[in-house]
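Here is the structure we will look at, set down as structure tokens.
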Amino acid sequence: MTQTSPHPGASSARPASPARRPVVVIGAGPAGLTVGNILRAASVDCLVLETQSRQFIEQRPRAGVLEAGAVRGLRRRGLAVRLLEGAGRHTTCEFRFDGERYRFPYTDMTGHHHYVCPQPLLVKDLVHEYADVRGGDIRFGVRDVTLHDTGTDRPSVSYRCAETGERHLVHCDFVAGCDGARGVSRTALAPAHARIARHDYGIGWLALLAEAPASADCVLFGVHPRGFAGHMPRSAEVSRYYLQCPPGDDPENWPHERVWAELRQRLAAADAPPLQEGRLLEKRVLDMHDYVVEPMASGRLFLAGDAAHLTAPIAAKGMNLALHDAFLLGDALAARLTTGDDRGLSGYSAASLRRVWEYQEFSQWLSDVYHGTASGDPYRAGTTLARLRRLFTSPAAAAAFAEQYLGTSGHP
Ligand code: APR
């Protein structure tokens with residue numbers, strides 16, 4: 001875990017120990033920072049607690065694609081405006097199966113596109129806005145964050161300070177649990193009031209970063225009997241690839257030659273230009289699984305983002321869902337604390353979960369498409385290919401896929 005002193009401007013002039021804040025936000029990822037920014041814009045005081053250093057969260061490589069709805073939500077709240085003006089756009093994807101290339105030009109079909117926005121750049125922008133522009137209080141490198149009495153109307157959060165090792169107790173009205181998949185907030189939900197639905201795909205993805213330019217002008221999805229393969233252009237120097245592998249596989253089982261041989265086979269198609277091969281900068285195995293906490297709130301504790309639900313990176317929905325939650329929760333907390341209007345908070349969990357389940361369902365559908373032909377089951381292989389072909393023969397099927405892929409279904 002990287003430990004550096006907090007970035008200048010963020011917390012150097014802060015009071016030693018805030019004893020009381022209307023809201024304590026746990027976690028400075030896209031969800032927590034967006035909630036914090038919305039509260040600061042409404043002149044609601046809050047404290048953000050983050051276990052990592054500022055430098056670490058501004059560089060941690062994570063998700064990279066934003067839906068138009070998430071971008072509109074950020075713009076509407078004056079967040080990441082300049083960053084997103086200059087963001088690249090994804091307009092087309094290409095499926096490769098049965099030795100052929102099938103282009104899916106979703107922007108031509110729908111007028112909508114994806115924005116390319118690496119999570120570290122978004123996080124850096126949101127921290128700057130929160131701490132340096134809107135004057136928000138954020139503590140980096142905190143330890144032993146513990147939630148107390150969230151089932152009562154007098155909750156509090158305690159933590160150990162990075163610099164002094166001293167323990168602080170902060171009383172508050174509400175706690176926003178935005179501490180991601182490995183945080184502590186989820187465990188503070190009363191088990192009698194919350195249930196966790198889990199799904200394990202039984203599939204791994206070897207996530208690769210290659211020091212090489214893109215091999216195509218768009219995202220590629222290779223659906224092959226040897227397993228799924230994906231390609232995502234990143235920059236002139238670096239490209240991302242994925243290879244389906246057994247869950248829990250050791251990246252050391254995937255030396256350079258094996259990786260490129262598999263990518264060549266799984267992404268092979270008539271008239272396809274050869275892959276641009278290069279040194280592998282990163283090799284990680286991701287075990288595909290999902291979970292959803294229902295409800296996402298209990299007493300004075302409200303969860304947002306990965307703290308409440310995880311979607312496997314199959315459909316690139318995680319950061320979009322985190323932001324959707326944060327818009328709803330930030331607005332609802334601001335309304336409650338400035339005007340006493342409780343409607344947003346009481347409807348928060350149900351409103352978030354509607355979209356969460358919609359995206360879970362799409363991830364599962366897409367997982368069947370990506371992994372069915374390699375399942376070893378000829379029946380699943382046959383139905384997978386029928387589904388894929390339908391995308392290119394039925395305008396209705398194509399439109400339905402594009403809506404879900406772009407996140408415009410039901411919420412333009
Ligand atoms: N106390 C305080 N902070 C914590 C704690 C804790 N006990 N545990 C974790 N954190 C911090 C993490 O260091 C991280 O900075 O909470 C933050 C959570 O951020 P994310 O994991 O980015 O989660 P979220 O904001 O919900 O965004 C979801 O992140 O995992 C990706 O792809 C996913 O794009 C999605 C997005």
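Both counts, for ligands and for their atoms, begin at 1 and track the order of listing.
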After noting the C-alpha distance and the side-chain angles of Asp217 and Arg103, does the key distance pass the salt bridge (charged side-chain N to carboxylate O under 4.0 Å, His left out) rule?
CA-CA 11 Å; Asp217 62 351; Arg103 301 278 286 185; 2.9 Å; yes

After noting the C-alpha distance and the side-chain angles of Arg336 and Asp173, does the key distance pass the salt bridge (charged side-chain N to carboxylate O under 4.0 Å, His left out) rule?
CA-CA 10 Å; Arg336 169 69 173 74; Asp173 298 313; over 6 Å; no

Mind running ring pair (Phe, Tyr, Trp, His ring centres under 6.0 Å) on His128 and Tyr130 for me, showing each step along the way?
CA-CA 6 Å; His128 172 66; Tyr130 174 78; over 10 Å; no

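The distance criterion of under 3.5 Å between nitrogen or oxygen atoms is not met by Arg182 with respect to ligand 1. Residue contacts with ligand 1: Glu50 is placed with a nitrogen or oxygen under 3.5 Å of a nitrogen or oxygen of the ligand (distance criterion only). Considering both main-chain and side-chain atoms, Ala322 never comes within under 3.5 Å of ligand 1 through any nitrogen or oxygen pair. Residue Gly305 has no N or O atom closer than 3.5 Å to an N or O atom of ligand 1. Taking any N or O of Pro30, backbone or side chain, at least one lies under 3.5 Å from an N or O belonging to ligand 1.
Nearest protein neighbour of atom 32 (O) of ligand 1, counting heavy atoms only, is Ala63 CB, 3.8 Å. Among protein heavy atoms, atom 9 (C) of ligand 1 sits closest to Asp179 O, 3.2 Å. For atom 34 (O) of ligand 1, the closest non-hydrogen atom of the protein is Gln119 OE1, 2.8 Å. Here the heavy atom of the protein found nearest to atom 19 (O) of ligand 1 is Gly29 CA, 3.4 Å. The protein non-hydrogen atom at the shortest distance from atom 25 (O) of ligand 1 is Ala31 N, 3.0 Å. Summary of contacts: the protein heavy atom closest to atom 21 (O) of ligand 1 is Arg62 NH2, 2.8 Å. Here the heavy atom of the protein found nearest to atom 4 (C) of ligand 1 is Thr51 OG1, 3.5 Å.
In summary, the atoms of ligand 1 found under 4.0 Å from a heavy atom of Gly183, numbered by their order in the structure, are 8 (N). Listed by number with element, the atoms of ligand 1 under 4.0 Å from a non-hydrogen atom of Val184 are 7 (N). In the vicinity of Ile26, heavy-atom distances shorter than 4.0 Å reach the ligand 1 atoms 1 (N), 2 (C). Taking every heavy atom of Gly180 and a limit of under 4.0 angstrom, the matching atoms of ligand 1 come to 18 (C), 21 (O), 23 (O). Listed by number with element, the atoms of ligand 1 under 4.0 Å from a non-hydrogen atom of Arg60 are 12 (C), 13 (O), 14 (C), 15 (O). Using a 4.0 Å cut-off to heavy atoms of Gln52, the atoms of ligand 1 that qualify are 13 (O). Applying the 4.0 Å criterion to heavy atoms of Met319 picks out, from ligand 1, the atoms 34 (O), 35 (C). Each of the following atoms of ligand 1 lies closer than 4.0 Å to a heavy atom of Ile57: 15 (O).
The proximity of Ala181 to ligand 1, defined as any non-hydrogen pair under 4.0 Å, does not occur for either the backbone or the side chain. Contact annotation: for Leu49 versus ligand 1, heavy atoms closer than 4.0 Å belong to the backbone alone. In Asp306, the parts holding a heavy atom less than 4.0 Å from any atom of ligand 1 are both the side chain and the backbone.
In this structure, Phe228 and Trp205 have parallel ring planes: the angle between them is below the 30° cut-off, well short of the 60° mark. Below 30°, between 30° and 60°, or above 60°: for Phe362 and Phe401 the angle between ring planes is between 30° and 60°, a tilted geometry. Ring geometry for His168 versus Tyr159: interplanar angle of 30 to 60°, hence tilted. Classification of the Phe97-Tyr102 ring pair by plane angle, with boundaries at 30° and 60°, yields parallel.
A salt bridge links Arg77 to Asp331: at least one charged side-chain nitrogen sits closer than 4.0 Å to a carboxylate oxygen. Of the charged side-chain nitrogens involved, none lies within less than 4.0 Å of a carboxylate oxygen, so that Asp149 and Arg154 do not count as a salt-bridged pair.
In His256, the NE2 atom is crowded: over 12 heavy atoms of neighbouring residues, nucleotides or ligands sit closer than 6.0 Å. Remark: Arg264 CZ is packed, more than 12 non-hydrogen atoms of other residues, nucleotides or ligands lying under 6.0 Å away. The local environment of NZ in Lys124 is sparse, with at most 12 non-hydrogen atoms from other residues, nucleotides or ligands closer than 6.0 Å.
Side-chain contact of Arg266 with Tyr241: a donor-acceptor pair under 3.5 Å is absent, judged by distance alone. Using modelled atom types, one finds a donor on one side chain and an acceptor on the other under 3.5 Å when comparing His148 with Ser158.
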